[in-house]
Amino acid sequence: MAPVLEVTDLSKVYGDVTAVDHVSLSVEEGALFGLLGPNGSGKTTMIKILTGQIRPTGGSATVLGLNVEREGLRVRERVGIIPEQESPPSFLSAMEYLEFVGAVRKIPDIPERAERWFDLLEFGDKKHVLCKDLSRGTRQKLMFAQAFIHEPVLALIDEPLINFDPIMQDVVKDYLADYVRSGRTIFLSTHILEVAEELCSSFAILHRGRLLHSGPIADLAEKGLHLPEFFLSLVRKG
Amino acid sequence: MPELFLRMMKEEWRIHSTMFGQVSFALFPVMIFGIAFMGSFLLPLLRSAIPSSDLALMTHALFLMLGFMVGGFGLLGNEMMNRRFGQASLLTYSARSLPLSEHFIFLNFVAKDTVYYFFLWVFPFGAGYIAASPFTGTPLFQALLLLLTLVLSFMSGLCVVFLLSALYIRSKRACWLSVLALGAGWGGLAILTGTNPALLFPPFLLYSAFSWSTLFGLCTILAVMFAISIVLFSPETAGTTKHYPNTLAPLIRRVAFLPNPPLVAKDLIDLYRSGIGIGQTLFSFLIPLVVIWFFLSLVGSYLPPHGLLFMFAMITGVIASTMYTWVTEFDAFGSYACLPVAVSTLIRSKIATFSLLQVIPAVFIGLVATLTGERAYILPAVVLCVSISFYAGSVMAWLCGLSPSVLVYDVKVLFTYLILDGVVFAIFSAVAFANPFYALSSVVLFIPGWWCVKAAMKRWDAVDPAGF
Ligand SMILES: Nc1ncnc2c1ncn2[C@@H]1O[C@H](COP(=O)(O)OP(=O)(O)OP(=O)(O)O)[C@@H](O)[C@H]1O
Ligand SMILES: [Mg+2]
């Protein structure tokens, strides 16, 4: 299978902080890829670069065959993104926000699609409430819906589960598992190692911007290892 | 109090200085100082054309207006605290998690902004004048007094608008009534005494005839207004579950003739629902302009026939150009980051929204021309006003991209802005004074304006979005 995402020697330097340090990796089509790493290891920065929101200072990356630096806009047209900080525009209602996204992305039949998301994530009672008045978890639901409403072939999602209650986490995990089963790809950044182990087909570990490990999750099982212990031992070694 | 206050000051400094370097930002007050210093040497020249008392009055008006423009705290309070540079990154926001009352935090916020503006604008200006006084032969007492009364002018503008905007949040009707009462009192005074009430502006009275009792009285009034505003300020009650009808889709269809209808429709909804649209129109546009009219009418006699109307149209244009900051201030790039929207697209849509808002100055100048019995000149006056506004707004977009309210403090940026606007202002005052209908030629400003928008789109696409 062809890689949908290919990163070569990628770096991002902010002043004297190296947020991403010469990272190379690739993600196959149909994978549920987990990007793991301690706080400040560069996960969010990676996602921002891969979606053309910021420019790398070195190296290159292609997503769906597009160069992220030169064709960032095309990348964002084709993928779905959940940003780290859920910040839908505050004076639109939830329904209006999805319509806004639909209008920007030129999605037909947006009201029907929106209804399906209100049902799936169980927040239909909030659809006419302004985003600024939504609870954190509800805002996260909205951002989740926004990322998948156009059924992109690839979604890059930054900590999508963090504000969800356990029931909603199950709903979302099932959704993600189904999503990749239909041949589409997910690039997931998360701190919840149990979820990563359960869902992901392959993963990578970043630490202080450097890539410590990348490979299929099945390799761990073969060695009789579990992701949480593997992660901790690797990161503690530095 | 001092602890939180100092930290907020430090934060404000960092917000500005990280965007364009500490040196550039530190130079800002130096530049204002320089302008005032040099300007003082022009005074003898100006005095031959305009009596110095009228000049002093104009300067007071300028600082009153600066106060007006800074003073919409009550209105902007919650929004600023929540959104200005992205949530939670601001002390004002995170201080809410500390055991401090909302009013206390807000008081600090207001104090910080006041002091900040004071040192950026007001103080350097007065200091420049004082520094020049030995050379220009102005008595030092006079120069010091001017600094004091300019500060009081600034504070008056600040307190009036702060009070009104705090009232506005509590009760719109009460606010409108107060504005009407103020206007009626002001107008009544003009009719009854037959003098321009601008001459009765307390800081100016103090400047023309200093007395301790006037000073004390004025300070008391300002302090009382300030205290009432702080008390009136109401922190947002969390958890409102008001339901809103779906207005986005119909609005998108209505603005379909513009580029990027969804973005424009969203901006319009933001402006309307946040109260910023109406509030800013009142506090940052109408009130300052009405007051300026009174001050400006004093110099009317030095201008050619209809000169006053056209001078005012140009000033209105410059003030209307700041509407570009209304449309850019309240959403961070972050809310678009997950969508296929480039910075250039955003700039273009902001300019589109900005252009729609130009209906406000156009109608305003039309009304003014009607009221002054100069209906024959409505068309050239409106054209001049809107052209200047579009031009100045576009220059701002080119120089500052999506963060005009921050980048304006970059000395290079402000200097370029002042030069580019000043030249145009000078040219078109000459043109309009020569013959009112020549002012129609200002439509040519749409060409450099459009060029600036194009350049802005190219320039700001090439860098990572600020603060992101
Ligand atoms: N705009 C910025 N300016 C300067 N430094 C930044 C900026 N954004 C991120 N950094 C730095 O880059 C490093 C990586 O940050 P990043 O947000 O990518 O980490 P992360 O892995 O997503 O962390 P977390 O798990 O806490 O979300 C950090 O050291 C951070 O301080
Ligand atoms: Mg992160």
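In what follows, every chain begins at residue 1, and chains take the letters A, B, ... in the order their sequences are listed. Atoms considered below: every heavy atom in the structure, side chains included; atoms not considered: hydrogens, waters and symmetry mates. Computed from a prediction, not measured in an experiment: that's the story for all the values here.
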Can you tell me if [X] has over 12 outside heavy atoms packed within less than 6.0 Å of its [atom1]?
{"X": "A:Arg208", "atom1": "CZ", "result": "no"}
{"X": "B:Tyr272", "atom1": "OH", "result": "no"}
{"X": "A:Arg210", "atom1": "CZ", "result": "no"}

Below 4.5 Å from any heavy atom of chain B, which atoms of A:Asp158 appear? Answer side chain, backbone, both or neither. neither
Anything under 3.5 Å between a donor and an acceptor, one on a side chain of residues 67-75 of chain A, the other on a protein residue two or more places apart or in another chain? List them.
| unit_1 | atom_1 | unit_2 | atom_2 | d |
| --- | --- | --- | --- | --- |
| A:Asn67 | OD1 | A:Glu69 | N | 2.7 |
| A:Asn67 | OD1 | A:Arg70 | N | 3.1 |
| A:Glu71 | OE1 | A:Asn67 | N | 2.9 |

Taking the side chain as every heavy atom from C-beta outward, state whether B:Asn246 and A:Glu96 have any atom pair closer than 4.5 Å. yes
What's the separation between atom NE2 in B:His243 and atom CG in A:Asp125, rounded to the nearest 0.5 Å? 7.5 Å
Find the distance between OG1 (B:Thr247) and CE (A:Met95) and round it off to the nearest 0.5 Å. 12.0 Å
Taking all non-hydrogen atoms of both residues, which atom of [X] and which atom of [Y] are closest, and how far apart?
{"X": "B:Asp461", "Y": "A:Arg55", "value": "O-NH2, 2.7 Å"}
{"X": "A:Arg76", "Y": "B:Ala337", "value": "CD-O, 3.5 Å"}
{"X": "B:Ala249", "Y": "A:Glu99", "value": "CB-OE1, 3.4 Å"}

Would you say B:Arg273's side chain and A:Leu92's backbone share a donor-acceptor pair under 3.5 angstrom? no
I'd like to verify something: which residue of A:Pro111, A:Gly80, A:Ala103, A:Ser93 has the highest number of heavy-atom pairs under 4.5 Å with chain B? A:Ala103
Is B:Val343 in contact with chain A via its backbone, its side chain, both, or neither, using a 4.5 Å heavy-atom distance? neither
Sort B:Ile252 into side chain, backbone, both or neither according to what part of it lies under 4.5 angstrom from a heavy atom of chain A. side chain
Identify each donor-acceptor pair in which a side-chain atom of residues 258-269 of chain B lies under 3.5 Å from a protein atom, sequence neighbours left out, and give them as a table.
| unit_1 | atom_1 | unit_2 | atom_2 | d |
| --- | --- | --- | --- | --- |
| B:Lys266 | NZ | B:Asp270 | OD2 | 2.8 |
| B:Lys266 | NZ | B:Asp331 | OD2 | 2.8 |
| B:Lys266 | NZ | B:Tyr336 | OH | 3.1 |
| B:Asp267 | OD1 | B:Lys350 | NZ | 3.0 |
| B:Asp267 | OD2 | B:Lys350 | NZ | 3.3 |
| B:Asp267 | OD2 | B:Thr353 | OG1 | 3.3 |

